[in-house]
Amino acid sequence: MPPDLKQIPPFNGKPFPGGHQRGSKTGPRIDVASVFLFFLTIIISFTKETNKQLSLTTQRALSAEAEKAQAELSFLKAQVNPHFLFNTLNNIYTLAVIKDANTAPSIMKLSNIMRYITDETRHDFVSLQQELDCVTDFIDLQKLRLTQKTTLLFELEGDFENKKIAPLILMAFIENVFKYGISNHNRNKLIIKIFSRQNSLILFCQNTLYPDKINTERSGIGLKNTQQRLNYLYKNRHILSVDNSNNLFTINLTIQL
């Protein structure tokens, strides 16, 4: 054997340093930094979009609270003002003078309305029965000033238990019936009907149009503010129809509770 071959160490089955075994496979190398940046970008984008949606939701909630507070204040100013209190108390005084049996109940109804407006309307939603109790008390007090020239048709039909509604939503429309639908010189008819149908509530109001009263009296809560509350609180869950044809002002409101 040649002398130079003796210097080569025998093969022991292990690869030479730095070498690879025959047939071994190596996969593509993963760039950890790139993967980290990719996921970081996704997280930042998701966080920004979430914060944007949260901000919009907060703004809508604050706007709704402001509109609700404005509605409550407007109704309080429209009803609990010297003119309203004077008429109501004057009517109750007349009942007391003639010793009418309705004197005490009328005082209690006025107290109930004041309590409902100042206490219950602080909540976003109240019992439907509470709202209807306030509506009934309000209509009963309005009856005290009606003459024989005015015919009032007020109907409640259906099951109103265990249901919730935004406070003053119904009262806003009913208040306008008495504010604009009564004339001391002409015969007039006021219609107020409230129906409960499964998960829906239907309000129908109708009164004769007297344009001069709209121009001379304050609008109270007004339809615009009430429509804004409906659009926020019952978005895609209500249908409101307002018609003023044939010298009649008609409201048809359906709310999905």
Side-chain angles (χ1 to χ4, degrees), residues 56-57 60-61 63-72 74-76 78-79 109 112-113 115-117 119-143 151-181 189-209 219-246 248-257:
L56 292 175
T57 301
R60 286 195 292 265
S63 177
E65 282 296 318
E67 292 173 1
K68 178 175 177 288
Q70 182 182 358
E72 294 170 5
S74 298
F75 186 82
L76 191 62
Q79 298 303 333
K109 289 172 183 177
N112 291 338
I113 292 175
R115 184 180 300 109
Y116 180 77
I117 294 174
D119 294 340
E120 299 302 328
T121 54
R122 297 176 183 178
H123 306 290
D124 292 333
F125 293 91
V126 298
S127 165
L128 175 58
Q129 190 60 57
Q130 285 181 301
E131 176 85 356
L132 295 179
D133 289 343
C134 182
V135 166
T136 302
D137 288 339
F138 177 78
I139 291 177
D140 286 343
L141 289 179
Q142 292 294 335
K143 288 179 181 178
T151 301
L152 171 63
L153 176 60
F154 174 47
E155 294 182 0
L156 292 174
E157 181 181 314
D159 181 16
F160 304 106
E161 297 294 332
N162 302 319
K163 295 180 180 179
K164 297 285 187 178
I165 193 171
L168 304 182
I169 287 290
L170 301 182
M171 185 67 77
F173 297 105
I174 294 172
E175 183 260 347
N176 282 335
V177 171
F178 290 95
K179 180 177 287 292
Y180 303 120
K189 185 175 183 179
L190 311 178
I191 302 176
I192 301 171
K193 297 181 179 182
I194 303 175
F195 306 97
S196 176
R197 297 287 186 269
Q198 296 181 346
N199 295 327
S200 296
L201 186 73
I202 303 170
L203 170 68
F204 176 85
C205 296
Q206 188 176 80
N207 60 269
T208 305
L209 274 175
S219 60
I221 293 178
L223 291 180
K224 182 178 180 180
N225 182 272
T226 305
Q227 287 174 333
Q228 289 176 345
R229 291 189 66 208
L230 284 169
N231 289 333
Y232 178 80
L233 297 171
Y234 296 100
K235 185 176 182 180
N236 300 324
R237 294 168 51 204
H238 79 280
I239 300 175
L240 175 62
S241 173
V242 181
D243 183 71
N244 57 2
S245 60
N246 300 322
L248 293 173
F249 188 76
T250 305
I251 291 289
N252 265 300
L253 172 64
T254 301
I255 301 177
Q256 183 180 351
L257 302 177

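Fair warning: this is a prediction, and the values are worked out from it, not measured in the lab. Hydrogens, waters and symmetry mates play no part in the numbers below; they use all other heavy atoms, side chains included.
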Handout entry: K164: salt bridge (charged side-chain N to carboxylate O under 4.0 Å, His left out) partners, not counting sequence neighbours
Key = none
[X] side, atom [atom1]; [Y] side, atom [atom2] - distance, nearest 0.5 Å:
| X | Y | atom1 | atom2 | value |
| --- | --- | --- | --- | --- |
| T136 | I192 | OG1 | CD1 | 10.0 Å |
| L170 | I251 | CG | CD1 | 12.0 Å |
| I169 | L128 | CD1 | CG | 12.0 Å |
| T208 | I191 | OG1 | CD1 | 9.0 Å |
| L201 | Q256 | CG | CD | 12.0 Å |
| I202 | T254 | CD1 | OG1 | 4.5 Å |

Expected output: side-chain [X] to main-chain [Y] donor-acceptor under 3.5 Å:
| X | Y | answer |
| --- | --- | --- |
| Y116 | P167 | no |
| K163 | S200 | no |
| N246 | L248 | no |
| E131 | L168 | yes |

Tell me the closest heavy-atom pair linking [X] and [Y], and the distance in Å.
| X | Y | answer |
| --- | --- | --- |
| N231 | H238 | OD1-CE1, 3.4 Å |
| A166 | L233 | CB-CD1, 3.5 Å |
| F195 | K193 | CE1-CB, 3.5 Å |
| F173 | C205 | CB-SG, 4.5 Å |

Exercise for the section: Could you note down all residue pairs passing salt bridge (charged side-chain N to carboxylate O under 4.0 Å, His left out) where residues 133-142 supplies at least one of them, sequence neighbours left out? Expected result: K109-D140, D140-K143
Practice task
For side chain to side chain contact (heavy atoms under 4.5 Å, CB included), just list the numbers for I165 and L132, CA-CA rounded to whole Å, side-chain angles, deciding distance to a tenth of an Å, and then say yes or no.
Solution key: CA-CA 10 Å; I165 193 171; L132 295 179; over 6 Å; no
Contacts under 3.5 angstrom, residues 152-162 side chains, donor-acceptor by atom type, not counting sequence neighbours:
unit_1 : atom_1 : unit_2 : atom_2 : d
E157   : OE2    : R197   : NH2    : 3.0
D159   : OD1    : E161   : N      : 3.1

Problem - Derivation and outcome, side chain to side chain contact (heavy atoms under 4.5 Å, CB included), residues T226 and L240 - result: CA-CA 11 Å; T226 305; L240 175 62; over 6 Å; no
Partner residues of [X] under the side-chain contact (heavy atoms from CB on, under 4.5 Å) criterion, sequence neighbours left out:
| X | answer |
| --- | --- |
| S127 | Q129, Q130 |
| N236 | none |
| N252 | F204, S241, T250 |

Exercise for the section: Kindly indicate, with the supporting measurements, whether the criterion side chain to side chain contact (heavy atoms under 4.5 Å, CB included) is fulfilled by I139 and F178. Expected result: CA-CA 9 Å; I139 291 177; F178 290 95; 3.9 Å; yes
Problem - Stepwise side chain to side chain contact (heavy atoms under 4.5 Å, CB included) check, V242 with Q227 - result: CA-CA 11 Å; V242 181; Q227 287 174 333; 4.3 Å; yes
